[in-house]
Amino acid sequence: MTSLTLVAHALTPALRGLVLGGDASPDPSGVEAARELKIVADEVYSGPEIAARETASALGLAPVVVPALRDREYGDWTGRELEELLEASPGVVATWLERPHTAPPGGETENDVITRVADWLGDVVAAGVESGAADRRTVAAVVHPAIVRAAVLYVLDAPAESLRHVDVRPLSVVRLSAHAGSWSLTFG
């Protein structure tokens, strides 16, 4: 069995201000709060964002950076506040918010993100099988909250429309387990 602990990176000014994408450093208070979490794993990964890497460091972890664990690609909307976008293009943004199969101009749909995360989860299982350690692996990944949400939707086989019902706050911890190639949420 592979146990996977997903940790949403610490709060950033972008998350607080509803800024789409970007690569902001985490708030100092979030980094301090991360030091209180105890995450133990044989293998550690992170998304490429500064906040993911600095949160992992605050947790005392030295992750391998995985591009597939990056935040959603927002294309032309990267770095812009949601409120600003709503004022400039209310119809387009409302459609994007209501229909997760819609991508921002030059960006990814929620399904694209779920597929990318699902592929990575498959790689995690395959690596355990190849190494012969599939029965006893502990893996952790520090990622953007959007990646935690995508993993939960994938594991539950929930449609992308369910994303608005999954609230992942900074420093949230979600545990998953894989047995015989199938992922499950793990409580306890």
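Residue numbers count from 1 along this sequence.
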Give the minimum heavy-atom separation between [X] and [Y], together with the two atoms involved.
X      : Y      : value
Val65  : Pro48  : CG1-CA, 3.5 Å
Ala103 : Gly107 : CB-O, 3.5 Å
Pro13  : Ala24  : CD-CB, 4.3 Å
Ala14  : Gly21  : CB-O, 4.3 Å
Ala33  : Leu171 : CB-CD1, 3.6 Å

Cluster question for you: counting only ILVMFWY and a side-chain heavy-atom cut-off of under 4.5 Å, with indirect links fine, are [X] and [Y] together?
X      : Y      : answer
Val124 : Val142 : no
Ile147 : Val125 : yes
Val31  : Leu15  : no
Val64  : Val40  : no
Val66  : Trp183 : yes

For the [atom1] atom of [X] and the [atom2] atom of [Y], what is their distance to the nearest 0.5 Å?
X      : Y      : atom1 : atom2 : result
Thr95  : His101 : OG1   : NE2   : 13.5 Å
Asp23  : Glu49  : CG    : CD    : 6.0 Å
Leu20  : Leu18  : CG    : CG    : 8.0 Å
Thr55  : Ile39  : OG1   : CD1   : 11.5 Å
Leu176 : Leu121 : CG    : CG    : 7.0 Å
Ile114 : Thr109 : CD1   : OG1   : 8.0 Å

Residue pair Val7, Leu59: steps toward the side-chain contact (heavy atoms from CB on, under 4.5 Å) verdict = CA-CA 10 Å; Val7 180; Leu59 291 165; 4.3 Å; yes

Any side-chain heavy atom of [X] sitting closer than 4.5 Å to one from [Y]?
X      : Y      : result
Arg169 : Asp167 : yes
Val44  : Val139 : no
His9   : Glu54  : no
Val19  : Arg80  : no
Ser29  : Glu32  : no
Leu156 : Leu185 : yes
Met1   : Arg136 : no
Thr78  : Glu73  : yes

Pairs satisfying ring-ring contact (aromatic ring centres under 6.0 Å, His included), at least one member in [range], at least two apart:
range          : answer
residues 46-73 : none
residues 57-77 : Trp77-Trp96
residues 34-60 : Tyr45-Trp120

From the list Arg72, Arg164, Arg99, side chain to side chain donor-acceptor pair (under 3.5 Å) partner of Glu110 resolves to Arg72

Where the side chain of [X] meets the backbone of [Y], is there a donor-acceptor pair that is under 3.5 Å apart?
X      : Y      : value
Arg116 : Ala68  : yes
Thr12  : Ser25  : no
Ser162 : Ala158 : no

Could you give me the CA-CA distance, side-chain angles and deciding distance for Glu98 and Glu161, then say whether side-chain contact (heavy atoms from CB on, under 4.5 Å) is met?
-> CA-CA 8 Å; Glu98 293 168 11; Glu161 290 82 6; over 6 Å; no

Checking Val168, Leu153, Val173 against Val148 for side-chain contact (heavy atoms from CB on, under 4.5 Å), the one that qualifies is Val168

For Ser177 and Thr186, what are the C-alpha separation, side-chain angles and deciding distance, and is it a side-chain hydrogen bond (donor to acceptor under 3.5 Å, both in side chains)?
-> CA-CA 6 Å; Ser177 61; Thr186 304; 3.0 Å; yes

